[in-house]
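Fair warning: this is a prediction, and the values are worked out from it, not measured in the lab. Each chain gets a letter, A, B and so on, in the order the sequences are listed, and its residues count up from 1.
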Amino acid sequence: MLTIALCKGRMLDTVVSLLQTVGLSPSEDILDSRQLIVSDSTHADVRYLLVKPVDVPAFVQYGAADLGLVGKDVLYEAGADLHELLDLRSGICKMAVAGFAGTDIARVHRVATKYPRAAREYFRERSQQIEVIDISGSVEVAPLVGLADCIVDLVETGRTLAENGLVILDEVGVISTRLVANRSSYQLRAKEIDPLMDRLRKAVTGSSANLPVAMSSREVTA
Amino acid sequence: MRRQLERPHGTRDFALAEMAHRQYIESVVLRECGQWGYTPVETPLLEYADVFQQGVHEGEEERLYRLFDAHGHTLALRPEMTTPVARLAATMLAHEALPLRLSYSAKTYREQGQRAREAAEITQIGIELLGEGSADGDAEVIALMVGCLRRLKVEDFRIALGHVGYVRAVLSVAPPDLREVLTAALMERDIVAYEEALSARTAEGATSADLTLLRALPRLRGGAESLAHIRELACTEEARAACAQLEDLFAALSAHGVDEWVHLDLGLYPHHEYYTGVVIEGYVATMGQRICYGGRYDELLARFGRSVAATGCVFHLERLQEVTESAPVTRPLVHLEYERASRAMALGFVRDLRLRGYAVCATRVGEEEALSAARTADGKNGIRRGLLTADNGTLQGDELLVQMFAQYATRE
């Protein structure tokens, strides 16, 4: 039984269509069912775990799942001990520094973010030591109430930023979904994992016609 | 914080059933090593920090626990055993005939990184084979590791084989700064970072065959049959030499009868810089971390003044505990309680039982306790219980114990 951990939530539909392009078929109701363990309709030996994105690295690292599909943002923060096999080039969005227009990044001291490791690393590259305020949601409110000078967060459409009077000050990087593997499964189940990885690689890097639906349907705008 | 009740972060206590389990594993592994002619060694927990600078990777050096002696020399708690054993082999054992086969079971210490991946205190049980430079040496180490796992009744495992010589030969076409990034990505097993670095930079002067191989490297793996393909891709003398070694190794592994547990994974690149050839990582189903790891380090002993080919491999005892069942306790255990007046008789009997191989606890009890002990005298947890009362001569409790006491009393 090959167990694949997937992120519950808004990215699930793009991930499911990607899996479909490589011949897997998660049960129809995966998108609206409340079941957390879902079988594959054509492969009896494949099943999916639906977990919170931040928990995918742990499920894979400790072997509850053999493979996982998870965003690089989450992966980087978790710093988990696992194999990162493939950039699936879906679920793409930007990680950016945002604040009031005219904020001088070089003079920033306090940064509010859900991604403390990424934020620290970004400022460290600029030889800047900052104080990170680790919060778990509504990050945009932090500059408005004077909690932080700026924020580091994911930006998909930029609407939330705009509605709160914030702008992108700099881009930290582009985030995409990655295929990760448990270190032991990678060795013991090479015969199942390698062909799947190859099919995904072809689907992702092949001709543009083969690009996952995510690339065409999801607008990447600031 | 009541620190006097706590252990330092990353350390553990062991007792009772868990400790018995540890001793069982240790004895099984060391006995198997003994059957292959490996003799145990012990080195100090403390070494001069300079010793480890000969073997430890830069990033690892930061994780040494250091302290100072009275003369201001920097000491370090050993972070691993291969380097101290190499020092030992190059000094005290310098005149012993080769090949030397050494084993150990020892606690090692490593400051936890920011990402707490493992404990600070790890018990390493391992072997080092010195003075055997051929593939037969590598095969012996692997076969012995497989042998230990099977003795411990672990069946669902896989040994992955890499070759740092092959990897270095393939990476040699890349400029030094790119090579550094690629090496770091391999160590982390981050294929995405590896490919990103490759596509961002062009390796000038590299032929297209070089580049094909460079791209394929982290994903090159398979059984012995994949060697043909891997050799075809090899473009340098060193890479071809590595392939020839791997071929020889697979032949030796099949002669040992262990090839079914072994496969190639040329993306394997361990954290230690001292490796020079074949490297090994063992994995057990249900555990994400390596159960054992090691490899060939032909140049390490030369840094201590004795140039000798060497290879070895090590288990983490704490990980073995997680994937093995404890063996049932087979030693007989007797718990004999006695009152003060029957002490001489009781301890004489106990001495006799111990000489006959029984493990015996003897506890003095007061009169009231004696009564309650008598009530629970029927064997609990496989322990034979008995109570020798004050009227010197009657033993109540376990039937066999009563019999043995009767025999003993007649003899005396």
Side-chain angles (χ1 to χ4, degrees), chain A residues 1-3 5 57-72 75-89 116-117 120-121 124 173-198 200-201 204-205, chain B residues 112-118 154-162 184-199 215-216 218-223 225-226 260-269 271 280-293 319 322-323:
Chain A
M1 175 70 70
L2 196 67
T3 305
F59 273 82
V60 176
Q61 176 177 346
Y62 294 104
D66 302 295
L67 296 173
L69 277 71
V70 62
K72 179 64 182 175
L75 207 52
Y76 187 74
E77 292 302 318
D81 199 13
L82 31 75
H83 281 28
E84 192 171 330
L85 299 180
L86 184 63
D87 182 351
L88 296 171
R89 302 190 189 178
R117 190 176 171 211
R120 269 199 199 91
E121 190 54 33
R124 210 177 73 154
V174 177
I175 301 298
S176 58
T177 303
R178 305 291 162 91
L179 174 70
V180 296
N182 173 271
R183 291 197 193 271
S184 166
S185 303
Y186 182 73
Q187 301 296 352
L188 273 95
R189 325 202 53 176
K191 286 202 172 71
E192 294 149 89
I193 291 176
D194 281 355
L196 178 61
M197 184 166 73
D198 282 346
L200 279 167
R201 175 180 297 277
V204 168
T205 59
Chain B
Q112 288 176 307
Q114 280 187 327
R115 298 180 274 163
R117 283 180 177 179
E118 55 187 354
V154 178
E155 294 290 343
D156 199 3
F157 65 90
R158 183 69 48 87
I159 308 282
L161 273 188
L186 284 179
M187 283 182 185
E188 286 295 313
R189 298 310 296 255
D190 186 343
I191 300 182
V192 176
Y194 182 94
E195 290 179 338
E196 271 173 8
L198 258 191
S199 61
R215 281 199 198 98
R219 285 172 284 117
L220 279 183
R221 60 188 196 139
E225 76 292 341
S226 60
E260 64 172 295
W261 285 281
V262 183
H263 76 175
L264 278 173
D265 180 0
L266 286 171
L268 204 68
Y269 198 84
H271 275 272
I280 308 155
E281 276 190 358
Y283 286 91
V284 177
T286 73
M287 173 178 272
Q289 295 159 310
R290 308 175 293 184
I291 196 75
C292 64
Y293 57 90
R319 291 182 189 168
E322 284 183 46
V323 297

I need the single residue from Leu82(A), Leu69(A), Leu75(A), Thr3(A) that forms a side-chain contact (heavy atoms from CB on, under 4.5 Å) with Val60(A). Which is it? Leu82(A)

Checking Asp87(A) against chain B: side chain, backbone, both or neither under 4.5 Å from a heavy atom? both

Do Thr205(A) and Arg89(A) make a side-chain contact, defined as non-hydrogen atoms from C-beta onward lying under 4.5 Å apart? yes

Do Ser185(A) and Ile193(A) come close enough that some side-chain heavy atom pair is under 4.5 Å? yes

Kindly determine whether Glu322(B) and Arg319(B) satisfy salt bridge (Lys or Arg N to Asp or Glu O under 4.0 Å), including the steps that lead there. CA-CA 5 Å; Glu322(B) 284 183 46; Arg319(B) 291 182 189 168; over 6 Å; no

Chain B contact via Lys191(A) - side chain, backbone, both or neither, heavy atoms under 4.5 Å: neither

If you tally heavy-atom pairs under 4.5 Å against chain A, which of Arg290(B), His263(B), Met287(B) wins? His263(B)

Heavy-atom distance under 4.5 Å between the side chains of Ile159(B) and Gln187(A), does that happen here? no

Which bit of Phe157(B) comes within less than 4.5 Å of chain A, counting heavy atoms only: side chain, backbone, both or neither? backbone

Let me know if Asp265(B) has heavy atoms under 4.5 Å from chain A in its side chain, its backbone, both or neither. side chain

